[in-house]
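Ligands are counted one by one from 1 in listed order, and the atoms in each one are counted from 1 as well. Quick caveat, the model's predicted, so the values are computed rather than measured.
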Amino acid sequence: MRAWVYERYGSVAGLELRDVPMPSPATGEVLVEVACTSVNLSDWEGLRGTPAYARLSGGLRRPRRTTLGSDIAGVVAAVGDGVTAFRAGDAVFGDNLPRNGGFAEFVAMPQTALAPMPPALTFAVASAIPQAGAIATQSVALATPGDRVLIIGAGGGSGSLAVQLAVATGVRVTAVDNAGKLDHLRSLGAHDVIDYRLVDPTRTGPYELIIDMVAYRSVLAYRRALARGGRYAMVGGTARALVRMLTVGTVVGAASGVRLGLLVVHEGPAHFVPLANRVAAGEVAVHIGREFAFDDVPAALAFHGEGRANGKVVVRVREA
Ligand SMILES: NC(=O)c1ccc[n+]([C@@H]2O[C@H](COP(=O)([O-])OP(=O)(O)OC[C@H]3O[C@@H](n4cnc5c(N)ncnc54)[C@H](OP(=O)(O)O)[C@@H]3O)[C@@H](O)[C@H]2O)c1
């Protein structure tokens, strides 16, 4: 089978399309023929080996897993011993983080990472949901109706879903991203929008909840934007922001009556299937900004990583 392989952290120039051995599903694993894989920021981080936490899970000097791609949708090709939930021919979707392997024609993944695909969804839409859906669901679960909620990085895969879930929860949403994404964010229901290249969102507010997909500011800046008793949840961002949040953030939060910390997102079907069902029912929309062919995985990663994607980027591994 063919897979996109990289052996060193760096740029898309290091990706090679190679013939590699077909994976064999181990006990408890399912072999999936991949139809679509969506791109997440975690793929870009894994390609470049930065922020530093990408190397903590992916390998310090070199990538341990040499094929990226975690969110997939496809058809079960074979099952390993002990798999009872799936059989060959089932349409499935799931998130294979941190093992990855989705930019390939076949991937073997634990049955616990997969769910049956709702029939109303296309492979492209289903592949766009698992990781971003889990992030959006768990971050918006921190909101209470009536809150003022700031979502930083709102125009990306997780943010676009989080905005819709937050609006449906009955909060007032201020969505932050680059100017090219603000009309899209308004169309998703955001009450206010901010271009991060023009306005520092931590100088707006106050907010009861801040959800930050791309943290890099100081703890005091986030503290300044919180209402009394408010909460700041860092979902992703620089390693420096992470260290500051886990050290200074704890102290500043305790001293000033707010909560500042990291949101550790739980993976797995329990965390993305409810949202997928809402997408299938037409209550929440997945916006696919652009689809790429399998031969164009480097271009897909670059398009996402260089900030040109409005919504999700999807790779069609198997042409329908
Ligand atoms: N906490 C956990 O357990 C966990 C688990 C998995 C993933 N993650 C993290 O979750 C995060 C979200 O991932 P995703 O795939 O949804 O990302 P994404 O699709 O790349 O979206 C990120 C968005 O943020 C925007 N952005 C960039 N810089 C910004 C700034 N300074 N201010 C405001 N917006 C900015 C980007 O726009 P541009 O086009 O302008 O760049 C993009 O629209 C990632 O950081 C990932 O590492 C966390």
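When Arg217, His304, His184 are ranked by how near their heavy atoms come to atom 18 (P) of ligand 1, first place goes to His304. Comparing Val39, Asp177, Ile194, Asn40 by heavy-atom distance to atom 43 (O) of ligand 1, the nearest is Asp177.
Of the inter-residue distances, the one linking Arg316 atom CZ with Phe292 atom CZ reads 10.0 Å to the nearest 0.5 angstrom.
Using a 4.0 angstrom heavy-atom cutoff, Arg197 counts as in contact with ligand 1. By the 4.0 Å heavy-atom criterion, Met234 is excluded from the residues contacting ligand 1. Put simply, part of Tyr216 is less than 4.0 Å from ligand 1, judged by heavy atoms.
Considering backbone and side-chain atoms alike, Val265 places an N or O below 3.5 Å from some N or O of ligand 1. For ligand 1, the polar-atom distance check against Gly156 finds a nitrogen or oxygen pair separated by under 3.5 Å. Polar contact with ligand 1: present for Glu45 (N/O pair, distance under 3.5 Å). The distance criterion of under 3.5 Å between nitrogen or oxygen atoms is not met by Gln131 with respect to ligand 1. Considering backbone and side-chain N/O of Ile135, none are found under 3.5 Å from N/O of ligand 1. For ligand 1, the polar-atom distance check finds an N/O of Val235 within less than 3.5 Å of one of the ligand's N/O atoms. Geometrically, ligand 1 and Met213 share a nitrogen or oxygen pair separated by less than 3.5 Å.
Residue-level proximity to ligand 1 for Lys312 is absent, since no heavy atom of it falls below 4.0 angstrom. Contacts of Ser42 with ligand 1, taken as heavy-atom pairs under 4.0 Å, are absent altogether.
In summary, the side chains of Ser127 and Asp71 do not present any donor paired with an acceptor at a separation below 3.5 Å, with no hydrogens or angles considered. Using modelled atom types, one finds no donor on one side chain facing an acceptor on the other under 3.5 Å when comparing Glu208 with Thr144.
Residue Arg186 places its CZ atom among more than 12 non-hydrogen atoms of other residues, nucleotides or ligands, all under 6.0 Å distant. The neighbour count for Arg18 CZ, taken as heavy atoms of other residues, nucleotides or ligands under 6.0 Å away, is above 12.
Checked against Met1 for a side-chain contact (heavy atoms from CB on, under 4.5 Å), the options Val20, Val107, Asp19 give a single hit: Val20.
Of all protein heavy atoms, the one closest to atom 16 (O) of ligand 1 is Ser158 OG, 2.6 Å. Nearest to atom 1 (N) of ligand 1 among the protein's heavy atoms is Leu263 O, 2.8 Å. Given atom 44 (C) of ligand 1, the protein heavy atom at minimum distance is Leu41 CD2, 3.5 Å.
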Residue pair Asp192, Arg148: steps toward the salt bridge (charged side-chain N to carboxylate O under 4.0 Å, His left out) verdict: CA-CA 11 Å; Asp192 303 295; Arg148 293 160 291 183; over 6 Å; no
Salt bridge (charged side-chain N to carboxylate O under 4.0 Å, His left out) evaluation trace for Arg224 with Asp200: CA-CA 12 Å; Arg224 175 175 66 212; Asp200 175 352; 3.8 Å; yes
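Contact atoms of ligand 1 toward Ile152: 32 (N), 33 (C) (distance under 4.0 Å to a heavy atom of the residue). The Gly155 neighbourhood of ligand 1 comprises atoms 43 (O), with distances under 4.0 Å to a heavy atom of that residue. Near Gly236, meaning under 4.0 Å from any of its heavy atoms, are these atoms of ligand 1: 45 (O).
Side chain of Thr67 to main chain of Trp4: a donor-acceptor pair is present (N/O by atom type, distance under 3.5 Å, no hydrogens or angles). The backbone N or O of Val75 sits nowhere less than 3.5 Å from a side-chain atom of Glu33 that would complete a donor-acceptor pair.
Hydrophobic clustering, with ILVMFWY side chains joined whenever heavy atoms are under 4.5 angstrom apart, keeps Val92 apart from Phe106.
Both cation-pi conditions hold for Arg290 and Phe303: the charged atom is under 6.0 angstrom from the six-membered ring centre and inside a 45 degree cone around its axis.
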